[in-house]
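Remarks on the structure that follows.
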Amino acid sequence: MKEELAICDTCANENCFIKKHLHLEQMKQYVSKKHSFVCKKSQPFIIEGAPLQGLYFICKGKAKTVKTGINGREQIVRLTTNGDTIGFRGFGTSKRYLIGAYALEDTILCNFSNETMMDILKNVPEFTYALMLFYADELNKSENNIRKIAHMNVRERVIDLLLYIHKKFGQNNNGLIEIELSRKEIADFAGTTEEQAIRILSSLKKEDLIKTVGKRIGLLSPSKLQSEIMEHKYF
DNA sequence: GCATTAATTGGTC
DNA sequence: GACCAATTAATGC
């Protein structure tokens, strides 16, 4: 039953790198070599500093990737969901993972071994080219994040996060964003402490800009929030 | 139902 | 804006 979890042929993730190139005849042999499994909520599937074990793709679910700082403080680097890929950094250049990854909910993952990935990269130029474009895009995002952390204050970074998850995960018909992050995780993303994140959420709530139901957050006025961080969006 | 964990608030540096 | 303490809410077992 485990291997039945994720079949690329019937997968709905059109944005997945594998799925996008599945029409190529050569890809079929590699796809059959992948290994898929379930990672339970809040469990890690990549340990920071552990030896590389290939590339992971999210078939269904959500995950965070983190970097651990000096005093045990974590920085959330990226949030990922269906079709996204994880563990691509350090590929070829490093023997160990430079990030850790945790499931934010029960998540079905697909794993391609180092050897399989190497074969694909060497033999399927379309795939390699697409991955290069992806890297370039990720680098750009990473540079934007540096700027954000340098120039934005905490309130602005929290607002930025809210708009980001709003855009990435969407809002359901109750007006709540389709992801559950703990206050700690919000803080880890915004590069601050849990208390500070809570205070900012509280004031945003008082200002009628957001609403909260348990861990879920809803944006009442995305445009107002957007305008508050507008000055940082020059690009 | 109890026990551990998360969220919140207030205060100090 | 971080760190600590106290209280309350939520969640796991």
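The sequence lines fix the lettering, A, B, ..., with proteins before strands; numbering per chain opens at 1.
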Flag, side chain of A:Arg157 to backbone of A:Met152, donor-acceptor distance under 3.5 Å: yes
Summary of ring-ring contact (aromatic ring centres under 6.0 Å, His included) pairs that have at least one residue in residues 65-84 of chain A, sequence neighbours excluded: none
Listed once per pair and sorted, the side chain to side chain donor-acceptor pair (under 3.5 Å) pairs that draw on residues 195-212 of chain A, sequence neighbours left out: A:Arg155-A:Glu207, A:Lys205-A:Thr212
Electrostatic pair A:Lys64:A:Glu185 at N-O distance under 4.0 angstrom: yes
Aromatic ring pairing A:Tyr97/A:Tyr56, orientation class (parallel under 30°, perpendicular over 60°, tilted between): tilted
Interface limits on DNA chain B, where chain A has a heavy atom under 4.0 Å of a nucleotide atom: B:dA7 to B:dG11
Salt bridge (Lys or Arg N to Asp or Glu O under 4.0 Å) partners of residues 99-108 of chain A, not counting sequence neighbours, each pair once: A:Lys40-A:Asp106, A:Lys62-A:Glu105
Residue pairs fulfilling side chain to side chain donor-acceptor pair (under 3.5 Å) with at least one residue in residues 123-137 of chain A, sequence neighbours excluded: A:Tyr30-A:Asn123
Per-nucleotide protein contact string for nucleotides 3-13 of chain C, where B marks a base within reach and S marks sugar-phosphate only (heavy atoms under 4.0 Å, - for neither): SB---------
